[in-house]
Protein chains: 2
Amino acid sequence: MRVNLERILEEAGGLANRRGLDGLSMNDLAQALNIRTPSLYSHVAGIEAVKRLLALHGLAELDAMMSRVTIGKSGPDAVRALLNAYRGFARKNPGIYAATIPTPPRSDREWSSAVDRLMDTLHASLQAYGLQGAEIIHALRGLRSLVHGFVSLEASGALKHPVDRDESFDWLVESFLAALEKMAAPLRAKQTGRTRA
Amino acid sequence: MRVNLERILEEAGGLANRRGLDGLSMNDLAQALNIRTPSLYSHVAGIEAVKRLLALHGLAELDAMMSRVTIGKSGPDAVRALLNAYRGFARKNPGIYAATIPTPPRSDREWSSAVDRLMDTLHASLQAYGLQGAEIIHALRGLRSLVHGFVSLEASGALKHPVDRDESFDWLVESFLAALEKMAAPLRAKQTGRTRA
DNA sequence: TTGACAAAACTAATATGATTAGGAAATATA
DNA sequence: TATATTTCCTAATCATATTAGTTTTGTCAA
């Protein structure tokens with residue numbers, strides 16, 4: 001069977017998930033595809049290009065998943081669903097998830113757009129809170145920090161205490177939701193004509 | 001001047017901070033020390049050993065700093081000081097900070113203890129909230145997730161919106177403090193003899 | 001002071017991974 | 001079917017990590 005980008009993505013994803021993104025090498029990838037290493041260069045520019053493909057793929061899949069699980073939900077329900085799905089993806093695909101983390105170079109429009117699309121989806125899940133201006137950015141950054149932080153600590157084996165990690169994650173999510181609620185409350189009061197004391 | 005562990009740590013730290021932990025190589029390190037690469041092996045077992053040294057150094061320094069900035073503080077003041085100092089360290093020493101992230105192998109007592117000591121210090125900063133059982137772990141994991149998440153997104157250049165990052169960090173910290181407060185409140189009520197409705 | 005021992009440094013060599021050069025084979029297309 | 005393109009190959013280069021074996025240097029006691 002001929003090698004094509006689809007198969008490269010498939011094998012690279014598998015290897016990255018099994019051995020870690022850093023463990024992914026052109027040699028192993030070529031071997032998995034039954035060709036010699038230099039032949040890979042007919043398809044991709046190098047190892048960085050392979051990781052970029054993984055990033056594009058991962059970002060698209062994450063975005064699709066985030067959109068899917070938040071359909072018909074809003075407010076806390078949407079955010080909860082999104083965060084749980086995000087964590088689920090990272091746990092199922094640690095290597096691919098790791099590939100989605102680096103910031104693309106400014107010059108790479110395709111990659112940058114993929115990141116932007118995911119950010120837009122995260123942003124959309126916060127819509128119902130009606131946040132204004134900088135608060136939206138704070139909330140979005142908070143959401144990203146918390147989920148990325150938890151998920152990467154979890155992946156690295158840093159959360160080794162016997163206490164259930166699902167519970168800890170739930171606690172963190174609920175804390176975040178409470179903070180959103182608190183930030184949204186005064187806005188809602190204003191919108192409905194009520195004023196604060 | 002003769003090479004010793006202190007100089008190795010110094011140069012390795014500088015290189016890691018400037019070029020990133022992944023960019024740190026035995027070649028560059030040897031060059032910085034004015035010796036040939038194989039000569040390094042008289043002092044350290046290999047590149048992994050160098051990174052381990054960086055981790056030990058970073059963990060110790062981080063721990064010392066966390067202890068220092070929380071002296072005489074408790075509750076929200078302690079946690080605020082600690083989180084700001086943590087972020088400050090990671091920003092000033094991105095390479096060394098990165099070295100502190102991996103989880104040590106179980107067999108490495110010295111490294112494991114260094115991690116444990118830092119965890120104990122973080123834990124101590126939460127004392128005043130009087131949390132019970134699993135809640136302590138949830139809070140500790142939340143604290144680690146949030147600060148590690150924010151700091152690593154910041155370091156990777158992922159927070160590129162013009163909105164001030166300090167403000168976003170403050171928002172995140174205050175959100176976390178509010179969650180701690182909320183979790184601690186019922187406990188306090190119980191302790192002072194009051195009961196909930 | 002000197003001679004022996006250990007530490008630190010060196011050269012040479014090996015292994016692995018990424019990559020380039022240049023050509024052969026397979027495939028698609030005019 | 002002839003030709004152009006794509007895919008793959010072998011051979012070679014370069015960088016990094018590491019080991020082997022040897023020389024230099026520093027230390028310390030006789």
Side-chain angles (χ1 to χ4, degrees), chain A residues 1-58 94-96 98-99 101-102 104-105 107-108 111, chain B residues 1-58 94-96 98-99 101-102 104-105 107-108 111:
Chain A
M1 22 168 175
R2 224 82 190 289
V3 168
N4 55 30
L5 282 188
E6 196 182 349
R7 285 191 58 212
I8 288 181
L9 207 44
E10 176 67 26
E11 297 293 345
L15 284 170
N17 284 339
R18 274 178 270 119
R19 307 191 193 176
L21 186 61
D22 291 341
L24 177 63
S25 74
M26 293 295 270
N27 281 350
D28 293 344
L29 182 52
Q31 189 157 36
L33 292 162
N34 277 304
I35 58 177
R36 302 309 170 102
T37 312
S39 306
L40 265 178
Y41 289 81
S42 297
H43 303 274
V44 290
I47 189 68
E48 285 310 311
V50 173
K51 291 181 180 174
R52 175 180 175 278
L53 283 179
L54 280 182
L56 289 176
H57 173 252
I96 296 175
I101 299 305
S107 56
D108 193 328
W111 189 357
Chain B
M1 22 167 177
R2 225 79 190 288
V3 167
N4 54 31
L5 282 187
E6 195 182 347
R7 285 191 58 211
I8 289 181
L9 207 45
E10 176 66 26
E11 297 294 344
L15 284 169
N17 284 339
R18 275 178 270 120
R19 307 192 192 174
L21 187 62
D22 291 342
L24 177 63
S25 73
M26 292 295 270
N27 281 352
D28 293 344
L29 182 52
Q31 188 156 36
L33 293 163
N34 276 303
I35 58 176
R36 301 311 171 99
T37 312
S39 307
L40 266 178
Y41 290 81
S42 296
H43 303 275
V44 291
I47 189 69
E48 285 309 311
V50 172
K51 292 181 180 173
R52 175 180 175 279
L53 282 180
L54 280 181
L56 288 178
H57 173 251
I96 296 175
I101 299 306
S107 56
D108 193 329
W111 190 356

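The chains referred to below are lettered A, B, ... by the order of the sequence lines, with proteins before strands, and numbering in each begins at 1.
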Between B:Glu11 and B:Leu33, which heavy-atom pair has the shortest distance, and what is it? CG-CD2, 3.6 Å
Students should find this one: the first and last nucleotides of DNA chain C, 5' to 3', lying under 4.0 Å from a heavy atom of chain B. What are they? C:dA8 to C:dA12
Holding to side-chain contact (heavy atoms from CB on, under 4.5 Å), I want the full list of residues that pass it with B:Leu53, two or more places apart in sequence or in another chain. B:Leu5, B:Leu9, B:Val44
List the atom of B:Pro102, the atom of B:Trp111, and the distance in Å for their closest heavy-atom pair. O-CZ2, 4.0 Å
For the student: nearest non-hydrogen atoms of B:Arg7 and B:Arg2, plus distance: NH1-O, 3.2 Å
Residues which pass side-chain contact (heavy atoms from CB on, under 4.5 Å) with A:Pro94, listed by chain and number, not counting sequence neighbours: A:Asn17
For a quick check, with a 4.0 angstrom heavy-atom cut-off, what is the B/S/- contact string for nucleotides 6-19 of chain D, read 5' to 3'? -SBBBB----SSBB
The complete set of side-chain hydrogen bond (donor to acceptor under 3.5 Å, both in side chains) pairs with one or both residues in residues 40-53 of chain B, sequence neighbours excluded, reads B:Arg52-B:Asp108, B:Arg52-B:Glu110
Let me see the working for A:Leu54 and A:Leu24 under side-chain contact (heavy atoms from CB on, under 4.5 Å), right down to the final yes or no. CA-CA 11 Å; A:Leu54 280 182; A:Leu24 177 63; 3.9 Å; yes
Secondary-structure notation, DNA chain D, from Watson-Crick and G-U pairs under 3.5 angstrom (| other strand): ||||||||||||||||||||||||||||||
Would you check if B:Leu40 and B:Ile8 make a side-chain contact, meaning some heavy-atom pair closer than 4.5 Å? yes
Could you note down all residue pairs passing side-chain hydrogen bond (donor to acceptor under 3.5 Å, both in side chains) where residues 19-39 of chain B supplies at least one of them, sequence neighbours left out? B:Arg19-B:Asp28, B:Ser25-B:Asp28, B:Asn27-B:Thr37
Which atom of A:Ala99 lies closest to which atom of A:Ala55, heavy atoms considered: O-CB, 3.2 Å
